[in-house]
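The block underneath contains the structure these notes are about, expressed in structure tokens.
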Amino acid sequence: MNEPTPIRIFDTSLRDGEQSPGCSMTAAQKLRFALALAELGVDVIEAGFPASSEADRNAVRSIAREVRGSTIATLARCHEGDIDACASALEGAAAPRIHVFISTSPLHREHKLGLSREQVLERAVMGVERARRHVDDVEFSAEDALRTEPDFLAEVCSAAVAAGATTLNIPDTVGYTTPSEIRALFEYLRANVHDAEKAIFSTHCHNDLGLAVANSLAAIEGGARQVECTINGIGERAGNCAMEELVMALRVRAHYYNASTRIDSRRLVPTSRLLSRITGMAVQRNKAVVGQNAFAHESGIHQHGMLKHRGTYEIMRPEDVGWSQSQMVMGRHSGRAALADRLQALGFNLEEAALNRVFAGFKALAEKKREVFDGDLEALVLGADSAA
Ligand code: KIV
Ligand code: ZN
């Protein structure tokens, strides 16, 4: 196999994520989270949208001054004031990036901007050129790219590269695309944007149809080399591509994708928990990778299989994403093998008859309680002992 292709991870939890309901953070919280993202190994941290508020400007300022090891990006519309606000907030950053965007789709051009194709093109060029006066690292995004005419999208992207953009981001702003469509679009753009090799192509998928991770993976197959994502998939409406899922899909299916990231996957669960504590937004139990049930097994058949070989029902190791171990939940679906194993871990080595008595007591209790805890099992063993 050839060397794996490096994929840049661009985290936008502090910008696209933070602007969604229930996720707002103070400047101090944003700084704390940005430090955790740098430790996680994120390549680019989008710290905020400085023109949107004084609070955001202050948060970006402190992140730019204090966070090292990741590029710090800030968002701007193609407006002079927005771009200059980014430049000033980024003072002190070791690796600053200005990310300018404008809508390109017919729907947005007509109803949101009231601009023609030519005017959108002109503004995109102005935005990139102005950002380049401040920094060398400029990202251009064509908002609502997946509902834009492909030939016009290629024209805007070509103009952005000529104006100095070093990253071209192709957002699926409303989570409308499908894997085969986005892959084909990236292939088309790589073939039709002038000097395409001068820029890194980036994907930014929203999750309105639950396809954000699948679409991001398909974009990588089409040639994207940067993925924009958030921890826990937070973001506008149904959220953005979830970083933990994307990173682990690339890792678990390494033979298929042959792509790598700099993410220290053992920090995924701690970073997910930190974000939940900061925002107060809990992760659903069955969320892939970081949900409480992601490595929990309750059914007797699964527990039995797991006790023989964990690969029977786990495709990744819980330790590799930051959990301490798989969890055997003792409940009404659990079987004798799992009970015996749990009792042994608790220090009880029961003979057949005693195990049968405890198992009967356990089944009766599990009908009444959702989960049977270690203390319950101890009480059952001691009760069965005295009854014998
Ligand atoms: O979803 C989107 O289009 C965005 C851009 C501003 C990058 O968040
Ligand atoms: Zn977005």
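Heavy atoms only: backbone and side chains are in, while hydrogens, waters and symmetry mates are out. Predicted, not measured: the structure shown is a model, and the values here were computed from it. Remember, it's 1-based here, ligands and their atoms both numbered in the order they're listed.
Using a cutoff of 4.0 Å between basic side-chain nitrogens and carboxylate oxygens, E149 and R109 are scored as salt-bridged.
Only the side chain of R15 comes within 4.0 Å of ligand 1, judged by heavy-atom distances. Contact annotation: for H206 versus ligand 1, heavy atoms closer than 4.0 Å belong to the side chain alone. Residue-level proximity to ligand 1 for D16 is carried by the side chain, the only part with a heavy atom below 4.0 angstrom.
Counted within 6.0 Å of CZ on R253, heavy atoms from surrounding residues, nucleotides or ligands total 12 or fewer; the atom is thus considered open.
Note on ligand 1: E228 sits outside its first shell, no heavy atom being nearer than 4.0 Å.
For ligand 1, the atoms closer than 4.0 angstrom to any heavy atom of P171 are 2 (C), 3 (O).
Note: no N/O pair closer than 3.5 Å links E143 and ligand 1 by distance alone. For the pair H204 and ligand 1, the shortest N or O to N or O distance falls below 3.5 Å. At under 3.5 Å, a nitrogen or oxygen of T173, whether backbone or side chain, sits near a nitrogen or oxygen of ligand 1.
Within the coordination shell of the Zn ion (ligand 2), defined by N, O or S atoms under 2.8 Å, D16 is present.
Take R317 and apply the salt bridge (charged side-chain N to carboxylate O under 4.0 Å, His left out) test, not counting sequence neighbours, and it matches D320.
Ring orientation note: the planes of H99 and F10 are nearly perpendicular, at an angle over 60° on the 30°/60° scale.
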Next on the checklist: Pair R57, E54 - check salt bridge (charged side-chain N to carboxylate O under 4.0 Å, His left out), show working.
Outcome noted: CA-CA 5 Å; R57 279 194 286 285; E54 182 61 32; 2.9 Å; yes

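Side-chain atoms of N232 and S272 include a donor-acceptor pair closer than 3.5 Å.
Note: angle at the Zn ion (ligand 2), from NE2 of H204 to NE2 of H206, is 100° (rounded to 10 degrees).
Note that CG of L14 is 9.0 Å distant from CD of E46, once rounded to the nearest 0.5 Å.
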